[in-house]
Amino acid sequence: MLTTNQGVAVGDNQHSLKAGLSGPTLLEDFILREKITHFDHERIPERIVHARGSAAHGYFEAYQPLTELTRAAPFQAAGKITPVFVRFSTVAGERGSVDTARDVRGFAVKFYTDEGNWDLVGNNIPVFFIQDAMKFPDLIHAVKPEPHNGMPQAASAHDTFWDFASLMPETTHTLMWVMSDRGIPRSYRMMQGFGVHSFRLVNAAGESHFVKFHWTPKLGTHSLVWDEAVKLAGADADFHRRDLWDAIEAGEYPEWELGLQIFTDAQAEGFSFDVLDATKIVPEELVPVTPVGRMVLNRNPDNFFAETEQVAFCTAHVVPGIDFSNDPLLAGRIHSYVDTQITRLGGANFHEIPINAPLAPVHNNQRDGLHRQAIPRGRVAYEPNSLGGGCPFQAGTAGFVSFPQQLDGDKLRGKPEKFADHYSQATLFYESQTEVEKAHIIAAFRFELSKVSVPAIRQRMLASLVNVSADMATKIATGLGIKVPAAMPTALAKAVSPEVTLSSALSLMAHPGDGGIRTRKVAILIADGIVGASALVIQAAITAAGAVTCMIGPRLGPVNCADGQSLEATGTLENAASVLFDALVLPDGGDGVTRLAGYGQTVEFVTNQYRHGKTILALGAGKALLDQAGIAPTLASGEPDPGIVLASADTVDEGTATFITAAGKHRHSARESDPPRI
Ligand code: HDD
């Protein structure tokens, strides 16, 4: 039975209590007032950053014991399982903003370890915009919608962001990553994650090593192209949320490998960069990434608000065996996350909300506060005590012991010298990209800076980018119709000689995944008059390869095929936009193809698939739809386009096999041109 919050059964949930059918509503209607009052308070403050997010449950499994390095519970034995809850997010947009904005993505993992909760609150980009937490509010105020008019939503392409960025050269390295395709991932399931800072691992003997955390997706790293991201924002604002949800519901559990870069204090001392500077990576050529375990996400939340919204990640949540470094950005975070939950979740007891509660038992003398759930028994809430038998006891060396790093220095505000090198690693990143990736970086800077209305900001930003690559800056400047300015002076006392000048691991192409098409979405266009049998053969083969197909017609429902087959359209040219699909099949059957060609949306569908580098299989008469869109099966170079597969009624099986292999390449960037040919 429906009840009030006091457990009283509600007889009528349709009408308020009134004095007569046409009379006034009565104040005594406690049922109405309770319902409305609760509703009025349904919203809680959204996260000041990373407001837009999606999450899932899963587990972490260690490959091998890491007892030599750390006493952290998840790494104590091979096969050890630790439950996790992971929330992915964008940074700048508000809670209801679109998923496909160009932005950094949050990658926050809560490990419910045997010895308490450990939150690894990372991003999909291994570096950060700023070096000191003192600048975080400035960075966020600059990127958020401008305060006078509240625009633009979830976008860095505006004056205040680039004003700040151009005045803060330390942002350059991260800007390079965000302007690259990393800023527009295809899926949360297809992006890397990084702990960003150097942390410390501490073993049972109290010995410590520095560590950097890397998550690498099994499906490979893949991204959208910008035009696709923009169109997706309209076609499905929940594109990434839906993608994660659907994959888990389908039993296609996303998986990442955890890798560690381990290095000593002595090694760190010798590097040309400072490992405490969050704008720097440790190149994999200097310190390789060692795989230590895998993470699988296998359960969607039961309730978005209770879990995804109320989960509170805090960098301060570490467990014995994991410790902080002196990174000044991390220090500010250790304060900020706990602090922000107090407002967002309404008080100091947010750790009692089920999604935040550790699996490890909690015993302490903290008491009371808003929304307290626990009911502590007895009269003792202090330590030492004799009246409670001395409980709870402090754990001594079995508890969390900070790494006893020796410290000595003057109390001051400032940075070590190596922090002043803002460009070496930005150049390393740029030079390590493939030509296509470089072209995308240039296009992204051109787009973003073209949205800046104050010319001086554009000039200043370009002057900074000259220090990364004169060639890149020239190409961006040409696109903006301006001359390249002189390089911005650097703050370096002496030039830096980086150990590594090229690192293939920095390209998205370094992590192609297994090349399959599992969970990819394939559209099959259908209409009355197509050949149904071959469409069904293709659908069966694609489904067997693990992809998800959708038959799309001019309207929903049954389609009468030329060969008497009856197919069912589950999507329409109106409700299933081209950008929602990774690949396309055009059917055989002259009548059906002519019918499809009569819809303007078909040309748009085919053109977008082509423009976004996707694989298209055209069967028999279906090629007419390519012709109609002006698409040739050859590249501008005259070479055959590997992403356009033509097959006839006799070669359906071979054609489908070629299509599946080609679609596994994700995208055929050799087709790309700037500006696009069609
Ligand atoms: Fe942060 C949220 C990641 C710097 C202050 N941050 C937040 C989330 C992620 C990150 C993934 C969302 C967690 C979730 O899903 O709930 N933040 C980072 C990374 C940073 C970083 C990788 C640099 C290496 N952050 C940073 C600084 C500060 C903050 C320097 C403040 C001094 N971040 C916050 C916050 C948030 C947050 C205001 C908003 C909501 C929340 O914490 O729970 O405290």
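The residues of the chain are indexed from 1 along the displayed sequence. Atoms within a ligand are numbered from 1 in the order they appear, just like the ligands themselves.
- Contact analysis puts Gly122 in contact with ligand 1, with a non-hydrogen atom separation below 4.0 angstrom.
- In terms of protein heavy atoms, atom 22 (C) of ligand 1 is closest to Asn123 ND2, 3.1 Å.
- With respect to atom 15 (O) of ligand 1, the closest heavy atom belonging to the protein is Arg87 NH1, 2.7 Å.
- A salt bridge between Arg186 and Asp181 is absent, with no side-chain N of the basic residue lying under 4.0 Å from a carboxylate O of the acidic one.
- Taking the salt bridge (charged side-chain N to carboxylate O under 4.0 Å, His left out) definition, one finds that Asp327 meets it with nothing, sequence neighbours left out.
- Counting heavy atoms closer than 4.0 Å to ligand 1, residue His335 contributes nothing at all.
- Neighbouring protein atoms of atom 1 (Fe) of ligand 1 (N, O or S, distance under 2.8 Å, waters ignored): Tyr337 OH.
- Taking distance alone, with nitrogen or oxygen atoms compared against 3.5 Å, Arg47 approaches ligand 1 more closely than that limit.
- Protein heavy atom at the shortest distance from atom 43 (O) of ligand 1 is Gln341 NE2, 2.7 Å.
- The distance from ligand 1 to the heavy atoms of Leu329 drops below 4.0 Å at these ligand atoms: 23 (C), 24 (C), 30 (C).
- Stacking of Arg294 on the aromatic ring of Trp256 is not recorded, the 6.0 Å distance cut-off and the 45° axial limit not both being met.
- Cation-pi contact between Lys438 and Tyr430: present, with separation from the ring centre below 6.0 Å and deviation from the ring axis of at most 45°.
- Looking at residues two or more places apart in sequence or on another chain, you find no side-chain contact (heavy atoms from CB on, under 4.5 Å) involving Ala133.
- With ligand atoms numbered from 1 in the order given, ligand 1 contributes 22 (C), 24 (C) to contacts under 4.0 Å with heavy atoms of Val196.
- Judged purely by distance below 3.5 Å, without hydrogens or angles, the side chains of Gln405 and Asn326 pair a donor atom with an acceptor atom.
- Using a 4.0 Å cut-off to heavy atoms of His197, the atoms of ligand 1 that qualify are 24 (C).
- In terms of protein heavy-atom proximity, atom 41 (C) of ligand 1 is nearest to Thr340 CG2, 3.5 Å.
- Under the salt bridge (charged side-chain N to carboxylate O under 4.0 Å, His left out) criterion, Asp265 pairs with Arg200, not counting sequence neighbours.
- For atom 38 (C) of ligand 1, the closest non-hydrogen atom on the protein side is Ile48 CG2, 3.4 Å.
- No side-chain N or O of Gln433 forms a donor-acceptor pair with one of His440 less than 3.5 Å apart.
- For Glu257 and Trp215, the side-chain atoms include no donor-acceptor pair closer than 3.5 Å.
- The only member of Phe403, Phe199, Phe263 that meets ring-ring contact (aromatic ring centres under 6.0 Å, His included) when paired with Phe210 is Phe263.
- Among all heavy-atom pairs drawn from His371 and Leu345, the shortest one is CD2-O, 4.4 Å.
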